[in-house]
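All values below were derived from every heavy atom in this structure, side-chain atoms included, with hydrogens, water molecules and symmetry-related copies excluded.
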Amino acid sequence: MELIINIFSLVGSLALFLFGMKTMSEGLEKFAGDRLRSILAAMTKNRVMGVLTGVLITALIQSSSATTVMVVSFVNAGLMTLGQSIGVIMGANIGTFAQ
């Protein structure tokens with residue numbers, strides 16, 4: 001019985017997380033628009049700039065997990081491409097060690 005409750009808790013938590021990500025990305029897409037897209041494009045125009053952006057953002061907010069979640073939301077909302085996000089996530093991992 002306890003196993004079934006744990007499974008339902010896991011599935012429910014995952015569903016709530018995915019719903020929250022979907023809602024947040026739709027809100028970002030409506031709110032941000034072209035201005036944020038151009039800012040993100042300028043900050044990640046090549047891989048080196050993307051890595052430096054990831055390191056800087058992670059150092060500022062002190063959380064590589066938060067940086068990664070933001071980047072995933074931006075990609076999901078269509079504000080960043082997958083190629084742009086790779087450098088930022090690598091920079092977030094480097095920024096974790098720099099703290």
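- One hydrophobic cluster holds both Val71 and Leu36 under the rule that ILVMFWY side chains link at heavy-atom gaps under 4.5 Å.
- Note that the OG atom of Ser64 and the CE atom of Met90 stand 14.5 Å from one another [nearest 0.5 Å].
- Taking hydrophobic clusters as Ile, Leu, Val, Met, Phe, Trp and Tyr residues chained together by side-chain heavy-atom distances below 4.5 Å, Leu16 does not share a cluster with Ile7.
- Linking Ile, Leu, Val, Met, Phe, Trp and Tyr residues whenever their side-chain heavy atoms come within less than 4.5 Å places Val72 and Phe17 in a single cluster.
- Here the CE-CZ distance, from Met80 to Arg37, works out to 11.5 Å after rounding to the nearest 0.5 Å.
- Note that CG of Leu56 is 10.0 Å distant from CD1 of Ile61, once rounded to the nearest 0.5 Å.
- Arg47 contributes no side-chain N or O that, together with a main-chain N or O of Gly83, makes up a donor-acceptor pair within less than 3.5 Å.
- For Ser38 (side chain) and Arg35 (main-chain N/O), a donor-acceptor pair under 3.5 Å exists by modelled atom type.
- Without hydrogens or angle criteria, Thr53 side chain to Thr44 main chain gives no donor-acceptor distance under 3.5 Å.
- Side-chain contact check for Val51 versus Val88: every heavy-atom pair is 4.5 Å or farther apart.
- Counting non-hydrogen atoms of neighbouring residues, nucleotides and ligands closer than 6.0 angstrom, the CD1 atom of Ile4 reaches no more than 12 such neighbours.
- A single hydrophobic cluster is not seen to contain both Leu14 and Phe8; linkage of ILVMFWY side chains at heavy-atom distances under 4.5 Å, directly or through other members, places them apart.
- Contact check for Thr68 versus Ser65: no side-chain heavy atoms found under the 4.5 Å cut-off.
- Ile89 CD1 to Met70 CE: the interatomic distance, rounded to the nearest 0.5 Å, is 11.0 Å.
- Looking at every heavy atom in both residues, Gly95 comes nearest to Thr58 through C-CG2, 3.9 Å.
- Atom CG in Asn93 sits 9.5 Å away from atom OG1 in Thr67 (nearest 0.5 Å).
- Between atom CG of residue Leu79 and atom CD of residue Gln84 there is a gap of 10.0 Å, rounded to the nearest 0.5 Å.
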Between Ser73 and Asn76, is the side-chain contact (heavy atoms from CB on, under 4.5 Å) condition met? List the steps.
CA-CA 5 Å; Ser73 322; Asn76 194 23; 5.5 Å; no
